[in-house]
Amino acid sequence: MLPAKTNAKIPAIIVFGDSSVDSGNNNHIETIARSNFMPYGRDFAGGRPTGRFSNGRITTDFISEAAGLKQIVPAYLDPAYNMSDFAVGVCFASAGTGYDNATADVLGVIPLWKQVEYYKEYQKKLRAYLGDTKANEVISEALYATSLGTNDFLENYYTMPQRRSQYTIDQFQIYLVGIAKNFITNLYNLGARKISLGGLPPMGCMPLERTRNMGNGNECMESYNLVAVNFNEKLNGLVMRLNKELPEIQVVLSNPYEPMLQMIKNPSSYGFEVASIACCATGLFEMGYACDRYNLFTCKDANKYIFWDAFHPTERTDRIIADHVVKTALSKFLA
């Protein structure tokens, strides 16, 4: 089932964020947060790893296809692509990053401010490639898709002492929403008008967090899910404020929380067999380099699993999430 095709007026999709939408930028920087090796990408066209943290394509690839654009959104730092590709879709995302610069520091990945700098560089190249008039049209009509925040909590707040000593969990959320506001305002000032702000998934149900929840029968970590719900509510408030404050902007919240939770609670209704552990390796904690081609435990058919590794969904899960956001939050842009 593909996301419904639309007769879109979207000339391009421009992506910022973390591993949920990174299509391979981290292959080209010095970091351990990588997935450019098998079995990652084994169900991608040609059966090759691309740097996507998936067995195949990811949500933004499916959204691009639904918008009548290309089937994939290429990574900006990948030398295999050039401006003829990037003019209709480009990804600046970096696995392991977050709103907070301190989050990007944990794994030495591309912070959000640097993604915006790459975008400014891209605008110059786009103007040289298309001419000012056409480039300005692409910039203002493009769909800007952002997806980040999970790492701010799981890699930063709950793992590193610095932010916990400075902020309560609620204060930290407010701090992140302030960064999100500045980020979207920056994009707006650079010409962006159609922006999808990604919400958090039920992060307490990631296999990694369930594995840590041994004292509670490896159920979802409800405290983490509650944080995701609260943060998504704050993001929704931000979306409403920005739509009032910035003329001609259209910001929507693309929230994966409910569809993802429904899949995890009722996997068989969606054709899944396994919700609590991942396909790769033992499915309990492995991701990145711990999820390698030689692991004998890796599942044969990723389509039966909601999660590909202990942190990331399978291609099939991402396809269902993409279909949901295309029909809901993004329908105003793609109808």
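Values below: all heavy atoms of this structure, side chains included; hydrogens, waters and symmetry mates excluded. This is a predicted model, so every value here is computed, not measured.
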- Query: Is the closest basic N to carboxylate O distance between Arg319 and Asp323 below 4.0 Å?
  - Reply: no

- Message: Regarding Arg52 and Asp22, does a basic nitrogen lie under 4.0 Å from an acidic carboxylate oxygen?
- Response: no

- Task: Please check if Tyr270 and Met260 belong to a single hydrophobic cluster, counting links between Ile, Leu, Val, Met, Phe, Trp and Tyr side chain heavy atoms closer than 4.5 Å.
- Result: yes

- Task: Take atom CD1 of Ile174 as the centre, draw a 6.0 Å sphere, and report whether it contains more than 12 heavy atoms from other residues, nucleotides or ligands.
- Result: yes

- Message: I'd like to know if Asp170 pairs up with Lys234 as an ion pair, taking the criterion as any Lys NZ or Arg NE/NH1/NH2 lying under 4.0 Å from an Asp or Glu carboxylate oxygen.
- Response: yes

- Which heavy atom in Ala95 sits nearest to a heavy atom in Ala33, and how many Å separate them? O-CB, 3.9 Å

- Salt-bridge present (Lys124, Glu121; N to O < 4.0 Å): no

- Check: Tyr144 ring centroid to Tyr119 ring centroid under 6.0 Å: yes

- Query: What's the verdict on side-chain hydrogen bond (donor to acceptor under 3.5 Å, both in side chains) for Arg212 and Asn218, showing C-alpha distance, side-chain angles and the deciding distance?
  - Reply: CA-CA 7 Å; Arg212 289 174 177 163; Asn218 297 117; over 6 Å; no

- Message: Measuring centre to centre across the rings, with the benzene-like ring taken for any Trp, is Phe53 within less than 6.0 Å of Tyr40?
- Response: yes

- In terms of side-chain heavy atoms, does Glu209 have a donor or acceptor partner in Asn213 at a distance below 3.5 Å? no

- Message: For a salt bridge (Lys or Arg N to Asp or Glu O under 4.0 Å) check, start with the C-alpha distance between Lys114 and Glu117, then their side-chain angles and the critical distance, and finish with the verdict.
- Response: CA-CA 5 Å; Lys114 179 72 172 172; Glu117 289 302 307; over 6 Å; no

- Query: How about Phe86 and Tyr76: are their ring centroids closer than 6.0 Å?
  - Reply: yes

- Task: Output yes when Arg193 and Glu141 qualify as a salt bridge under the 4.0 Å nitrogen-oxygen rule, no when they do not.
- Result: no

- Query: Cationic tip of Arg164 within the cone over Tyr158's six-membered ring, i.e. under 6.0 Å and within 45° of the normal?
  - Reply: no

- Ring centres of Tyr167 and Tyr175 under 6.0 Å apart? yes

- Between Cys291 and Cys280, is the SG-SG gap under 2.5 Å? yes

- Per the ring-ring contact (aromatic ring centres under 6.0 Å, His included) rule, which among Trp113, Tyr118, Phe183 passes with Phe16? Phe183

- Query: What's the verdict on side-chain contact (heavy atoms from CB on, under 4.5 Å) for Ser254 and Leu330, showing C-alpha distance, side-chain angles and the deciding distance?
  - Reply: CA-CA 7 Å; Ser254 287; Leu330 301 181; 3.7 Å; yes

- Query: Does any donor atom in the side chain of Ser19 or His312 lie under 3.5 Å from an acceptor atom in the other side chain?
  - Reply: yes

- Aromatic Phe272 / basic Arg316 pairing, under 6.0 angstrom, 45° off normal: yes

- Item | cation_pi(Lys125, Tyr129) dist<6.0 Å, angle<=45 | no

- Determine yes or no for a side-chain-to-main-chain donor-acceptor pair under 3.5 angstrom, with Asn156 supplying the side chain and Phe153 the backbone. no

- Query: Between Leu126 and Lys134, is a side-chain contact (heavy atoms from CB on, under 4.5 Å) present by the stated rule, with each step listed?
  - Reply: CA-CA 9 Å; Leu126 190 70; Lys134 182 81 178 113; over 6 Å; no

- Task: Flag the pair Lys181 and Glu245 as a salt bridge only when some basic side-chain nitrogen lies within less than 4.0 angstrom of an acidic carboxylate oxygen.
- Result: yes

- Query: Between Arg34 and Asn27, is there a donor-acceptor pair closer than 3.5 Å when you use the side chain of the first and the backbone of the second?
  - Reply: yes

- Apply the side-chain hydrogen bond (donor to acceptor under 3.5 Å, both in side chains) test between Ser94 and each candidate in Asn25, Thr31, Asn26; give the one that qualifies. Asn26

